[in-house]
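These notes are about the structure you will find just below.
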Amino acid sequence: MTDSEIEITAELVHGLVQDQHPDLAGLEVREVAGGWDNRMWRLGDELAVRMPRTERAPDLQRKERRWLPVLAPRLPLPVPVPVRNGEPSARFPRPWSIMTWVPGEPLDSAPISRGEDTADALAGFLKALHEEAPAGAPTGADRGARPAECTDGFEEFLRAIAPGGVAADVRAVRDVWDDAVAAPAWEGPPVWVHGDLHPANVVASDGTLSGVIDFGDMFAGDPAWDLAAAWLLLPAGADSRFFEVYAHADEATVRRARGLAALKGLFLVLMGQNGERGLPGGKPAWGPAGRAALERVLTSRPGRPSPARTSLPDRSRGRH
């Protein structure tokens, strides 16, 4: 199913709610901007309807239905929790979900002003999330692999970005990536990983982190995939505080995380570039976020042992 095959409107969402959850039909339906695999609509003040718009979205929603009720009670920040299931029908051929609404503004439109508080909140959240996952927990698909298995994607993003599209020293970014590829693999048990922490998947209020959303890519695996958020989400210099509070990242994990932050930063730049060109799926606001993340990757000094102190050449610390 693609967007062109069925138009998801407020009228459609209201009709689905009225058909399957009539006790909620009196609540106002309002569209929420953004979304990738799902479009989202507010349902009253405390709920949201997630409507799948890609082929993989229904499976991601089923994963959230299964596991978020297990994870949410032990997490220190609000996360969306499924409260009602929507079933395929004549109105709409895919499953859909009603979730709790997490208040706040996405970080790509609400900058952080309280860096130390945000570092503490993010580290505390990931410490609580990164517990050993049980048997039967989902495994990663396109996420979760060692950096060495993602080199084709790194090169693809780098080639696709327009000349001059990355403000950072491209050679230095490649050095960070090469160091992540050379770092030892995760040897601990698979832990719960959000898997897709970037500025549009966290929300902020009063200048600090106030919630984490969109767990469709969660999996059990290497925590480095989430620790990359130290550079993707936090203001410059806050990564040191983050790693001190998180306290469980060894040198190899930080090296992998830093490389993954570079990979994700390139992806954000590419999506921003696509948005500026009016291409499908493009996100104009993501370009500046990606370039800022890359700059932070190259100038950071994490509190835990890190590649910035060990194996990266000095030129990785410079910038244009």
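Not measured: the values here are computed from a predicted model.
Between F243 and W231, a ring centre-to-centre spacing shorter than 6.0 Å is recorded.
Side-chain contact check for R84 and S97: no donor-acceptor pair (N or O, by modelled atom type) lies under 3.5 Å. Judged purely by distance below 3.5 Å, without hydrogens or angles, the side chains of N38 and R53 never pair a donor atom with an acceptor atom. In summary, the side chains of T253 and W186 do not present any donor paired with an acceptor at a separation below 3.5 Å, with no hydrogens or angles considered.
Ring geometry for Y246 against F242 counts as parallel: the plane angle stays under 30°, on a 0 to 90° scale with 60° as the upper cut.
In this structure, R256 pairs ionically with D222, as a charged nitrogen and a carboxylate oxygen lie closer than 4.0 Å. A salt bridge links E55 to R94: at least one charged side-chain nitrogen sits closer than 4.0 Å to a carboxylate oxygen.
Closest non-hydrogen pair, I112 versus L233, comes out as CG1-O, 4.4 Å. Nearest heavy atom pair, residue F92 against residue P52, reads CZ-O, 3.6 Å. Closest approach of V79 and A72 over heavy atoms only: CG2-CB, 3.7 Å.
In this structure a side-chain-to-backbone donor-acceptor pair under 3.5 Å is present from R296 to L232. A donor-acceptor pair under 3.5 Å is formed between the side chain of T100 and the backbone N or O of V81. Panel note: side chain H21, backbone N85; a donor-acceptor pair is recorded below 3.5 Å. Between the side chain of Q273 and the main chain of A160, a donor-acceptor pair closer than 3.5 Å is present. Looking at Q61, its side chain does come within 3.5 Å of a backbone N or O of R50 through a donor-acceptor pair. With hydrogens and angles ignored, the 3.5 Å screen pairs no side-chain donor or acceptor of W41 with any backbone N or O of H14. The backbone N or O of W225 lies less than 3.5 Å from a partner atom in the side chain of K264, making a donor-acceptor pair. At distances below 3.5 Å, at least one donor-acceptor pair connects side-chain atoms of R74 with backbone N or O atoms of A128.
Annotation: side-chain contact (heavy atoms from CB on, under 4.5 Å) contacts of R174 (sequence neighbours excluded): F154, E155, L158, R171, D178.
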Solution key, residues 200-221 side-chain donor-acceptor pairs under 3.5 Å, sequence neighbours excluded:
| unit_1 | atom_1 | unit_2 | atom_2 | d |
| --- | --- | --- | --- | --- |
| N201 | ND2 | D196 | O | 2.9 |
| N201 | ND2 | D196 | OD2 | 3.1 |
| N201 | ND2 | H198 | NE2 | 3.3 |
| S205 | OG | S210 | OG | 3.1 |
| T208 | OG1 | T118 | N | 3.4 |
| T208 | OG1 | T118 | OG1 | 3.0 |
| S210 | OG | V203 | O | 3.3 |
| S210 | OG | S205 | N | 3.3 |
| D214 | OD1 | G216 | N | 3.4 |
| D217 | OD1 | R56 | NH1 | 3.1 |
| D217 | OD1 | R56 | NH2 | 3.4 |
| D217 | OD1 | R143 | NH1 | 3.2 |
| D217 | OD2 | R56 | NH2 | 3.4 |
| D217 | OD2 | R143 | NH1 | 3.3 |

* Asked: R42 and E31: salt bridge (Lys or Arg N to Asp or Glu O under 4.0 Å), yes or no, with the steps?
  -> CA-CA 6 Å; R42 293 285 300 273; E31 185 173 8; over 6 Å; no
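Listed by first and then second residue, the side-chain hydrogen bond (donor to acceptor under 3.5 Å, both in side chains) pairs that reach into residues 104-115 are D108-W286, R114-D117, sequence neighbours excluded.
Around CD of E87, the count of heavy atoms belonging to other residues, nucleotides or ligands within 6.0 Å exceeds 12.
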